[in-house]
Amino acid sequence: MIDVNTASADELDQVPGLEGHGFEIVRYRSERGGFTDLRQLAEVPGLASKAEAAAGELRVGAGD
């Protein structure tokens, strides 16, 4: 499981369905202070339809 609040862009890019979106996830996280729920991934530009498919590979740890 990869923690969306601590993973690097490269680690996130390895998750099936998130390829090429790691940078956007990290940018969103740094601007908003971390994720509290995986559903927030749908708010990241370009991930609205892809976030659900990747949910099985991800978890939310403590936000920043």
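Note that the numbering runs from 1 along the sequence shown for the chain.
- Here the side chains of I25 and L41 are in contact, with some heavy-atom distance below 4.5 Å.
- Of the inter-residue distances, the one linking Q40 atom CD with R32 atom CZ reads 9.0 Å to the nearest 0.5 angstrom.
- With hydrogens and angles ignored, the 3.5 Å screen pairs a side-chain donor or acceptor of E11 with a backbone N or O of S8.
- Counting all heavy atoms, side chain and backbone alike, A54 lies closest to P16 at CB-O, 3.7 Å.
- Within the 4.5 Å cutoff, the side chain of L58 has no heavy atoms near those of the F35 side chain.
- With sequence neighbours excluded, the residues satisfying side-chain contact (heavy atoms from CB on, under 4.5 Å) with V26 are A9, L12, R29.
- In this structure, D13 contributes its side chain and G20 its backbone to a donor-acceptor pair below 3.5 Å.
- The backbone N or O of G34 sits nowhere less than 3.5 Å from a side-chain atom of N5 that would complete a donor-acceptor pair.
- For the atom pair L38 CG and E57 CD, the distance stands at 11.5 Å (nearest 0.5 Å).
- Remark: R27 pairs with E24, E31 by the salt bridge (Lys or Arg N to Asp or Glu O under 4.0 Å) rule, at least two apart or across chains.
- Atom CD1 of I2 sits about 8.0 Å away from atom CD of Q14, to the nearest 0.5 Å.
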